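Being a predicted model, the structure only gives us computed values, none of them experimental. Just so it is clear, the values below take in all heavy atoms, side chains as well, and ignore hydrogens, waters and symmetry mates. Counting convention: from 1, in listed order, for ligands and their atoms alike.
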Amino acid sequence: MKAVVFHGVGDIRLDDAPEPKIQEPTDAIVRLTASAICGTDLHMVRGTFTGMEPGTILGHEGVGVVEQMGDAVRNLSVGDRVVIPSTIACGSCSYCRAGYYAQCDNANPNGKSAGTAFFGGPKATGPFNGLQAEKARIPFAHVGLVKLPDEVSDDQAILISDIFPTGWFGAELAEIKPGDTVAVFGGGPVGQFAIASAKLMGAGRVLAVDRLPDRLEMAKRQGAEVIDFDREDPVETIKQLTSGIGVDRVIDAVGVDAQHAHSGPAAKQAKQQEQEFEKELQQVAPQQNPQDGNWVPGDAPGQVLMWSIQALAKAGTLSIIGVYPPTMNTFPIGEAMNKNLTLKMGNCNHRKYIPHLVELVRTGVIDPRAILTKVEPLTGAIDAFKAFDKRRPGWIKVELMPQPSAAAAGAGTAIPQRAAAAPQHAGAKPGEAR
Ligand SMILES: NC(=O)c1ccc[n+]([C@@H]2O[C@H](COP(=O)([O-])OP(=O)(O)OC[C@H]3O[C@@H](n4cnc5c(N)ncnc54)[C@H](O)[C@@H]3O)[C@@H](O)[C@H]2O)c1
Ligand SMILES: [Zn+2]
Ligand SMILES: [Zn+2]
């Protein structure tokens, strides 16, 4: 079968890989009908999240059809349409039962304290072959697969595999209460869903910070007040827009590949911190392999953490959902401590939120497709990866379609056309909660 395979930092290929087989009675084999590329994949290819084993199939977002099951899977049938939570969890341990699926005691073969198990990640996360493939083995399928109602399309469901739950989780960690003013750093797909979720949770105002016009435009369409950090100092602007107080909540939806300002007033400050950022980068990405402008790590790993602490009002809350590798150990703790801030962070407990989000989409409360901008065949995955990595205009969220015939119809189509062709059941765009 075709699959996107990690060969080394800066080296991913579309290979012929062996088809997965049932290994445990709790496994299922899913034939994927949709996959996607995520900012998390970029960290691994750029080298800012180390420890990938060559030969691992990438990808952790998937929708498909159950093709085969082990004897211990009792709640599904062959032929069921399912969405796959990115993180793998047993469903039985005390952590899973309390909703901390990303801290499951049993899913990670490296042991209880090894951290989150997820598809297509570094050795320390399993490793498990990922979902940018025609088929995948899903461990603990009785909890690791969520059945989809007919009304929820693949284009909608693929966004509920990882990024919508992560945005929702980010908003929940931020402790958003109705009326709060929230800043979201990062207008990538995860940031967009953090904005949508903040609004669904009743945020009074949402400020969105990025530098890319198409992403800021999408944030504005959701009703966010946008800030371009290459034109304005984001911290000063946030203060100005909030009568000098700052924001109640910040969501970091950028992570380790953060960039500093390259022009405008914030670039001056960055110049003074250049050495600090360089040191951080060496620490998180000792091996880099940029090629033709691709796979270039962010140049300021700690930038968003720094801006977030500065932009928060006293006694505010910082929610970190942008990914930082275990090797990253810089954080402005003193400034945070002296402002009585609350810090919350982590890998999303996907399985906890997915059933609820499926229901929000089924009932038309939100149509997540407004965030999906490209649909490409799996066979074109490497070019799609390169365009997404370079953040070419319009390449905000990329779905990959493993079935070549189906993909041909949708390839490269922007969302407005797809939305127009789709059944008119959903009233609201993200952020326009009903
Ligand atoms: N916690 C989780 O479980 C979880 C799950 C999925 C994704 N993630 C993480 O969420 C993050 C975002 O994912 P994505 O798919 O949206 O990625 P992405 O790379 O598409 O988006 C990142 C965005 O951040 C912007 N950015 C860079 N530097 C910035 C700065 N200093 N200030 C503000 N914006 C800045 C970029 O221009 C880009 O638009 C990644 O770190 C990803 O690994 C976490
Ligand atoms: Zn993802
Ligand atoms: Zn568990």
Judged by heavy atoms only, the candidate from Arg215, Met218, Met345, His60 nearest atom 21 (O) of ligand 1 is Arg215

Considering only non-hydrogen protein atoms, determine which one is nearest to atom 19 (O) of ligand 1 and report residue, atom name and distance to 0.1 Å. Arg391 NH2, 2.7 Å

Test of understanding: given a 4.0 Å heavy-atom threshold, classify the contact between Thr166 and ligand 1 as side chain, backbone, both, or neither. side chain

Note: ligand 1 atoms sitting under 4.0 Å from heavy atoms of Cys348 are 1 (N), 2 (C), 3 (O)

At under 4.0 Å between heavy atoms, what of Gln192 touches ligand 1? The answer is neither

If you measure only the distance, is there a donor-acceptor pair under 3.5 Å linking the side chains of Gln283 and Asn329? yes

Show, in sequence, the C-alpha distance, side-chain angles and deciding distance for Lys374 and Glu399, and conclude whether the salt bridge (Lys or Arg N to Asp or Glu O under 4.0 Å) test is met. CA-CA 6 Å; Lys374 295 281 176 191; Glu399 176 182 332; over 6 Å; no

Between Glu175 and Thr317, do the side chains contain a donor N or O and an acceptor N or O under 3.5 Å apart? yes

Around atom 28 (N) of ligand 1, find the nearest protein heavy atom and jot down its residue, atom name and distance. Gln259 N, 3.0 Å

At the Zn ion (ligand 3), what angle lies between atom SG of Cys96 and atom SG of Cys93, rounded to 10 degrees? 110°

List every atom of ligand 1 that sits less than 4.0 Å from any heavy atom of Gly186, numbering the atoms from 1 in the order shown and giving each element. 24 (O), 33 (C), 34 (N)

Nearest protein heavy-atom contact for atom 44 (C) of ligand 1: which residue, which atom, what distance? Ile321 O, 2.9 Å

Looking at ligand 1, would Ile163 count as a contact under a 4.0 Å heavy-atom criterion? no

Between Thr40 and ligand 1, which residue portion shows a heavy-atom distance shorter than 4.0 Å: side chain, backbone, both, or neither? both

Considering distance alone, does some N or O of Gly39 sit under 3.5 Å from an N or O of ligand 1? yes

In Glu61, the N, O or S atom nearest to the Zn ion (ligand 2) is which? OE2

List ligand 1 atoms under 4.0 Å from Phe388, heavy atoms only on the residue side. 20 (O)

Under 4.0 Å to a heavy atom of Val304 - the qualifying atoms of ligand 1, by number: 30 (C), 31 (N), 32 (N)

Step-by-step salt bridge (Lys or Arg N to Asp or Glu O under 4.0 Å) determination, Asp233 to Lys268: CA-CA 10 Å; Asp233 182 311; Lys268 227 163 113 192; over 6 Å; no

Protein contact of atom 27 (C) of ligand 1 - nearest heavy atom, named by residue and atom, plus distance: Val254 CG1, 3.7 Å

Taking side chain as C-beta onward, heavy atoms only, is Arg31 less than 4.5 Å from Met1? no

Would you name the N/O/S atom of His60 that lies closest to the Zn ion (ligand 2)? NE2

Ligand-side contact atoms (ligand 1) for residue partner Gln303, heavy atom cut-off under 4.0 Å: 31 (N)

If we only count N/O pairs under 3.5 Å, is Val323 in contact with ligand 1? yes

Contact between Met345 and Ile321 at the side-chain level, heavy atoms closer than 4.5 Å - yes or no? no

Test Thr166 against His350 for side-chain contact (heavy atoms from CB on, under 4.5 Å), laying out the working first. CA-CA 7 Å; Thr166 299; His350 295 95; 3.4 Å; yes

Pair Asp11, Gln291: side-chain N/O donor-acceptor within cut-off below 3.5 Å: no

Do you know which N/O/S atom name in Asp162 is closest to the Zn ion (ligand 2)? OD2

Leu357 vs Pro165 side-chain heavy atoms within contact, under 4.5 Å: yes

Considering only NZ, NE, NH1 and NH2 on the basic side and carboxylate oxygens on the acidic side, decide whether Glu236 and Lys239 come within less than 4.0 Å. no

Of the protein's non-hydrogen atoms, which lies at the shortest distance from atom 12 (C) of ligand 1, and what is that distance? Ala253 O, 3.2 Å

Within less than 4.0 angstrom of ligand 1, does Gly346 place any heavy atom? yes

Do any heavy atoms of Phe49 fall under 4.0 Å from ligand 1? no

For atom 33 (C) of ligand 1, what is the nearest protein heavy atom, given as residue, atom name and distance? Val209 O, 3.4 Å

Can you find a heavy atom in the side chain of His60 that is under 4.5 Å from one in the side chain of Phe128? no

What is the nearest protein non-hydrogen atom to atom 6 (C) of ligand 1, stated with its residue, atom name and distance? Asp162 OD2, 3.3 Å

Is there a side-chain contact between Arg369 and Ile158, using heavy atoms and a 4.5 Å cut-off? no

Aromatic ring pairing Phe193/Phe164, orientation class (parallel under 30°, perpendicular over 60°, tilted between): parallel

Here the atoms of ligand 1 under 4.0 Å from any heavy atom belonging to Ala258 are 28 (N)

For Phe277 and His260, take the angle between the two ring planes, folded into 0 to 90°, and tell me which bin it lands in: parallel under 30, tilted 30 to 60, perpendicular over 60. parallel

So for Phe169, does at least one of its heavy atoms come nearer than 4.0 angstrom to any atom of ligand 1? no

Do the side chains of Asp180 and Arg205 get close enough for a salt bridge, i.e. N-O under 4.0 angstrom? no

Going by heavy-atom distance to atom 25 (C) of ligand 1, choose the closest among Asp389, Asp210, Leu42. Asp210

Show the nearest heavy-atom pair for residues Trp307 and Ala266, with the distance to one decimal. CZ2-CB, 4.2 Å

Is the shortest N/O to N/O distance between Pro189 and ligand 1 below 3.5 Å? yes

Answer with side chain, backbone, both or neither: which part of Leu212 has a heavy atom less than 4.0 angstrom from an atom of ligand 1? side chain

SG (Cys90) to the Zn ion (ligand 3) to SG (Cys104), nearest 10°, is 100°

Candidate pair Asp257 and Thr48, rule side-chain hydrogen bond (donor to acceptor under 3.5 Å, both in side chains), full reasoning: CA-CA 7 Å; Asp257 275 309; Thr48 43; 2.9 Å; yes

Would you check, one step at a time, whether the test side-chain contact (heavy atoms from CB on, under 4.5 Å) holds for Trp395 with Lys390? CA-CA 9 Å; Trp395 289 78; Lys390 282 194 176 162; over 6 Å; no

At under 4.0 Å between heavy atoms, which part of His43 makes contact with ligand 1: side chain, backbone, both or neither? side chain

Taking atom types as modelled, is there a side-chain donor on Gln303 or Gln259 under 3.5 Å from an acceptor on the other? no

Would you mind checking which non-hydrogen protein atom is closest to atom 13 (O) of ligand 1, with the distance to 0.1 Å? Val190 CG2, 3.5 Å

